[in-house]
Amino acid sequence: MKIDEIILRELHLPLVRPFETSFGVTKERRVVLAEVKSDGLTGWGECTAGERPYYSAEWTDSAWMVIVQELGPMLLATPPKHGGQCPRIFRQVRGNHMAKATLENAIWDIEAQREGISLSRLLGGVRDSIACGVSLGIQPSIPELLSIIEKELAAGYQRIKLKCKPGWDVEVFEAVRNRWPEITLSCDANSAYRLRDADHLVTFDAFDLLMIEQPLWHNDFYYHSMLQKRLNTPICLDESIHNRRDALAAIEMESCRIINLKLGRVGGFSEAIAVHNAAQERAIPVWCGGMLETGVGRSHNIALSSLENFTLPGDVSASARYWADDIIEPEVTVSSTGEIAVPDMPGRGYEVRADLVERLTVRKETIRAVEVAG
Ligand code: OSB
Ligand code: MG
């Protein structure tokens with residue numbers, strides 16, 4: 001497919017409520033969106049990098065530069081036939097997975113439209129609805145957390161994930177379990193603990209958690225495998241998994257029993273499918289993580305979550321939990337049974353609200369193929 005141009009934008013969007021993790025608080029997102037034009041079709045990609053290099057080394061500004069200076073020109077110089085060819089085209093650039101995923105995912109979007117099928121179908125999805133959970137940030141107090149949980153359960157969400165860190169863990173789990181002994185509950189430490197905390201982490205077993213997500217270092221397999229030997233609760237890895245080989249290493253070493261799959265972190269749909277398949281072949285369930293995406297990234301997550309081995313509720317939830325006004329139409333909604341319907345129209349299945357995107361744009365750059373003189 002010939003790429004006519006890539007329009008890159010940075011949008012500023014305030015979250016409806018701040019989101020606090022063990023690595024910091026996010027109040028406003030700075031989101032990079034790519035609009036890729038090819039033969040009258042438009043594919044959209046969203047960069048999931050954070051505002052600061054805290055979840056991973058990538059961040060809004062690094063992704064912007066890598067796309068403008070490296071990946072955009074590479075894509076224009078070597079038009080892909082399929083989204084699956086993007087990793088080869090971008091091969092020379094190391095890392096920068098979130099930047100790469102921004103463009104690769106837009107190419108898959110175009111391909112689905114060109115074929116006249118849904119993105120879910122193009123990816124090999126088998127579900128017409130996906131199971132949804134919510135990820136709840138660290139709150140100012142336990143009563144405030146309990147009232148949020150009450151609301152999310154009433155909305156139908158199938159799993160509650162609590163962000164945790166030293167000082168916001170066992171007391172919180174205890175309060176939640178006392179009130180709701182039966183709900184599906186998990187926690188996510190975003191690397192807030194060290195191996196010296198192992199005795200403390202073992203006490204998490206008392207709360208019947210579905211999993212403990214990324215308790216130790218963001219780039220570790222070995223110490224997680226040592227910790228997993230001591231825990232009954234499955235460890236789920238998020239930050240540590242960047243590609244299929246990482247997934248295989250983690251599974252072989254028994255560093256985790258569950259994998260959180262995020263499109264940006266693994267570099268886009270091709271590698272996400274590879275991780276999904278590797279896990280499935282080894283009976284390791286996966287679920288789709290979230291990065292506080294706008295509707296564009298959210299629609300990609302929905303399509304991905306329709307693959308067969310997404311057997312646990314993900315962090316993909318309703319637009320209204322994040323945004324007063326999402327940039328897609330219709331916005332993403334969740335049924336009273338905690339499910340999102342997977343669209344079956346061609347492409348992502350949600351329109352981008354061009355006027356709103358334009359209004360939220362704080363910088364914009366158009367990348368075109370360099371004309372060769374003469
Ligand atoms: O670790 O899953 C995470 C948000 C930002 C960075 C990392 C994570 C998260 C979430 C939020 O848990 C998931 C969401 O609701 O999008
Ligand atoms: Mg996580």
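Every number for a ligand or one of its atoms is a count from 1 in the order of the listing. When a residue number appears, it is its place in the shown sequence, counting from 1. The structure displayed is predicted, hence computed values, not measured ones.
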Check your understanding: What angle, in degrees and rounded to 10°, do you get at the Mg ion (ligand 2) when you join it to OD2 of D188 and to OE2 of E213?
Key -> 90°
Check your understanding: Considering only heavy atoms, does D188 approach ligand 1 within less than 4.0 Å through its side chain, its backbone, both, or neither?
Key -> side chain
Revision key, fill the gap. Atom 15 (O) of ligand 1 has as its nearest protein heavy atom Y322 OH, 2.5 Å
Revision key, fill the gap. Of G24, C236, G289, S135, the residue with the heavy atom nearest atom 12 (O) of ligand 1 is S135
Review point. Do the side chains of L41 and M1 get nearer than 4.5 Å, heavy atoms only?
Key: no
Review point. If we only count N/O pairs under 3.5 Å, is S317 in contact with ligand 1?
Key: no
Practice item. Would you check whether D238 has a nitrogen or oxygen atom less than 3.5 angstrom from a nitrogen or oxygen atom of ligand 1? Key: yes
Review point. Between the side chains of Q113 and D109, does any donor sit under 3.5 Å from an acceptor?
Key: yes
Review point. What is the nearest protein non-hydrogen atom to atom 13 (C) of ligand 1, stated with its residue, atom name and distance?
Key: G290 O, 3.4 Å
Check your understanding: What about F23 and Y54, are their ring centers closer than 6.0 Å?
Key -> no
Point to revise | Numbering as shown, the atoms of ligand 1 that approach E213 to under 4.0 Å (heavy-atom distance) | key: 2 (O)
**Study point:** R298-ligand 1 polar pair, N/O distance under 3.5 Å
**Key:** no
Check your understanding: Which residue supplies the protein heavy atom nearest to atom 1 (O) of ligand 1, what is that atom called, and how far is it?
Key -> N190 ND2, 2.8 Å
**Study point:** Nearest protein heavy atom with distance in Å, relative to atom 16 (O) of ligand 1
**Key:** L292 N, 2.9 Å
Point to revise | Under 3.5 Å side-chain donor-acceptor pair for E46 and T294 | key: yes
Check your understanding: Going by distance only, is there an N or O of E239 that falls short of 3.5 Å from an N or O of ligand 1?
Key -> no
Exercise for review: Report yes if some heavy atom in the side chain of M98 is under 4.5 Å from a heavy atom in the side chain of M291; otherwise report no.
Suggested key: yes
Check your understanding: Tell me, which N, O or S atom in D238 is closest to the Mg ion (ligand 2)?
Key -> OD2
Exercise for review: Verify the distance criterion only: is there a donor paired with an acceptor across the side chains of S240 and Q214 at less than 3.5 Å?
Suggested key: yes
Practice item. Measure V134 to ligand 1 on non-hydrogen atoms and call it side chain, backbone, both or neither using the 4.0 Å cut-off. Key: neither
Practice item. Assess K161 for proximity to ligand 1: is some non-hydrogen atom of it under 4.0 Å away? Key: yes
Point to revise | ligand 1 versus K163: contacting region, heavy-atom distance under 4.0 Å | key: side chain
Practice item. Could you tell me whether the side chains of T337 and E339 share a donor-acceptor contact shorter than 3.5 Å? Key: yes
Review point. Is F23 close to ligand 1, meaning an N/O of one under 3.5 Å from an N/O of the other?
Key: no
**Study point:** Side chain T78, main chain L75, donor-acceptor under 3.5 Å
**Key:** no
Point to revise | From the candidates M291, K262, H218, the one that places a heavy atom nearest atom 2 (O) of ligand 1 | key: K262
Review point. Atom 11 (C) of ligand 1: which protein heavy atom is closest, and how many Å away?
Key: F19 CZ, 3.5 Å
Exercise for review: Have a look at K163 and tell me which of T21, D169, D188 forms a side-chain hydrogen bond (donor to acceptor under 3.5 Å, both in side chains) with it.
Suggested key: D188
**Study point:** Cation-pi, W287 ring and R159 (6.0 angstrom, 45 degrees)
**Key:** yes
Exercise for review: May I ask you to check whether Y350 and D326 show a side-chain donor-acceptor distance below 3.5 Å?
Suggested key: no
Review point. For the rings on H218 and Y55, is their centre-to-centre separation under 6.0 Å?
Key: no
